[in-house]
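Reviewing the structure listed below.
Per chain, numbering begins at 1; letters A, B, ... match sequence-line order. These numbers come from the heavy atoms of this one structure, side chains and all, not from hydrogens, waters or symmetry mates.
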2 protein chains.
Amino acid sequence: MPEKQQAGDERPRRRQARGERRIAQLLEAAAAVFCTTGYTAASTNAIAREAGVSPGTLYQFFPNKEAIAIELGDRLMHEMRETYGEALAPVDPATPLEQAVGAAVDRFIAFNCEHPVFFALMHGPDVPGRITEEHDALHQTLVTRIEGLIRSFLPDAPDADVTRTAQMCLGMYKAGLELVLAHEEAERGAYVQELKNALFRYLEPLTRDGAAPTPDPAAPPLP
Amino acid sequence: MPEKQQAGDERPRRRQARGERRIAQLLEAAAAVFCTTGYTAASTNAIAREAGVSPGTLYQFFPNKEAIAIELGDRLMHEMRETYGEALAPVDPATPLEQAVGAAVDRFIAFNCEHPVFFALMHGPDVPGRITEEHDALHQTLVTRIEGLIRSFLPDAPDADVTRTAQMCLGMYKAGLELVLAHEEAERGAYVQELKNALFRYLEPLTRDGAAPTPDPAAPPLP
DNA sequence: GGCAAACACGAGAGATCGCTCGCGTTTCAC
DNA sequence: GTGAAACGCGAGCGATCTCTCGTGTTTGCC
């Protein structure tokens, strides 16, 4: 129950079943509008219209526009944790890296395909204040999880290297996700495979010689 | 009383030296504001204030807000072509892939570090209409160039595969750029190296067996 | 039935932003 | 010098957006 009460001035209202239904309805409408226009360009009136209610009704349930996105993000995050929480759990080092990468990618791609608004909310540099914080929190959570996964294969690497590798993995995943979402059907599947390939090839050398993290290139940097 | 010309062609005004100076000044101010707030959130009044002129003066030189970003993008693109145009030219297949990747990454990273507004303008999903077109045009240009570079090493691969690989490379570069720009000094250098590693390891297997593009994993693809 | 609270409405207040307009100043060709 | 055009200003218009408010309706509890 994601009921929030600010210190002091706003006490929690007792919602009726009708209210809960309206909230769900409004969040669904907001997801649709955010998907097509992005957060900043989405007007609260448009969200209310999409939900088939008046602007006043919307503000009966959300104190402001930001709260809509926050609540939507919270529910999305909760569902992600519930459904795919173990996707990045550390695995037995005996597990082939290829399988671990493939499974993790498949799960996350599936989630993002089912909830396109997640990508819209998490990818916009236009989102203000608190949403950015949530974004950063999620990012950090994912990086930590990936670090754990990498540690399964590289128990003795320096922390800084593992963090960098995890950040790079997450960045590659985001880039791949964008490509996957931009294509359909067979081509989409091909991009999923391409993303797996990229991640696998990036990580595979690390599993072979745990002591030599970054093979320094012979050539000095060009001017 | 001179007649208003509103439709059709707007004849170019004869600019004085003072005007050219103002334009440069306004574009510089716009770059600063776009960098800190993004395009949509940047107000024309803020740009004018940053440049130390009045809003009316700004509109002496630009018909609307979009034109400012367009002109800024055009000049950036021009400078990029002039300075780094050959960064992605096809290379002698004898060139080590590691060198080719390293040189290309170094050049583009340098450009983006020198012009942070480039990243801000090209990375915002908030930018409207014509800027998105320019973004897509640049994206397509880069993909085509990368395709050419990949063809240097893979003369006989199917077009679709090369395109996918090029898109993936560009995505990885964008992701890496974001990480590079988010860090400073030594850590930044480490991320540059990490990006090079990722790209190199992704592309390296393709240069060995030109006939087997994607090693199919044991698991069947999910829908 | 009676009542209080939750729900619903929609006009519009208040704020912001892109952009204009009238008018004064500077520059330049002649 | 003189006139025309470029330059410069800043109040404010019109459009848009977030959020409020007064009022009326529905719901749940006694």
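Under the side-chain hydrogen bond (donor to acceptor under 3.5 Å, both in side chains) criterion, A/Arg151 pairs with A/Asp159, not counting sequence neighbours. Take B/Arg75 and apply the salt bridge (Lys or Arg N to Asp or Glu O under 4.0 Å) test, not counting sequence neighbours, and it matches B/Glu71. For A/Glu66, the side-chain hydrogen bond (donor to acceptor under 3.5 Å, both in side chains) criterion is met by no residue, not counting sequence neighbours.
Under the 3.5 Å distance criterion, with hydrogens and angles disregarded, a donor-acceptor pair is assigned to the side chains of A/Glu194 and B/Tyr202. Checked by atom type, the side-chain pair A/Asp136/A/Gln140 shows no donor-acceptor distance below 3.5 Å.
Where the helix from C/dG1-D/dC30 to C/dC30-D/dG1 starts and where it ends, the local axes point in directions that differ by 10°; five pairs per end, rounded to 10°.
Distance, A/Arg49 CZ to C/dG10 P: 13 Å, rounded to whole Å. Protein atom CZ of A/Phe62 is 14 Å distant from nucleotide atom C1' of C/dC7, rounded to whole Å. When rounded to the nearest whole Å, the span between CZ of B/Arg15 and C1' of C/dT27 equals 14 Å. Across the protein-nucleic acid pair, B/Arg22 atom CZ and C/dT25 atom P stand 17 Å apart, rounded to whole Å.
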Quick tally for nucleotides 11-30 of chain D: nucleotides whose base has a protein heavy atom under 4.0 Å get B, sugar-phosphate-only ones S, the rest -, giving -------BBB-----BSS--
A/Arg130/A/Glu134 under salt bridge (Lys or Arg N to Asp or Glu O under 4.0 Å): CA gap, chis, key distance, verdict
CA-CA 6 Å; A/Arg130 267 217 49 197; A/Glu134 299 233 1; 2.8 Å; yes
Show, in sequence, the C-alpha distance, side-chain angles and deciding distance for A/Phe111 and A/Phe118, and conclude whether the ring-ring contact (aromatic ring centres under 6.0 Å, His included) test is met.
CA-CA 9 Å; A/Phe111 182 80; A/Phe118 189 79; 5.5 Å; yes
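Note on residues 16-62 of chain B: pairs passing ring-ring contact (aromatic ring centres under 6.0 Å, His included), not counting sequence neighbours, are B/Phe34-B/Tyr39.
Phosphate proximity of D/dC9 to B/Thr57: present, with a side-chain N or O under 4.0 Å from OP1 or OP2.
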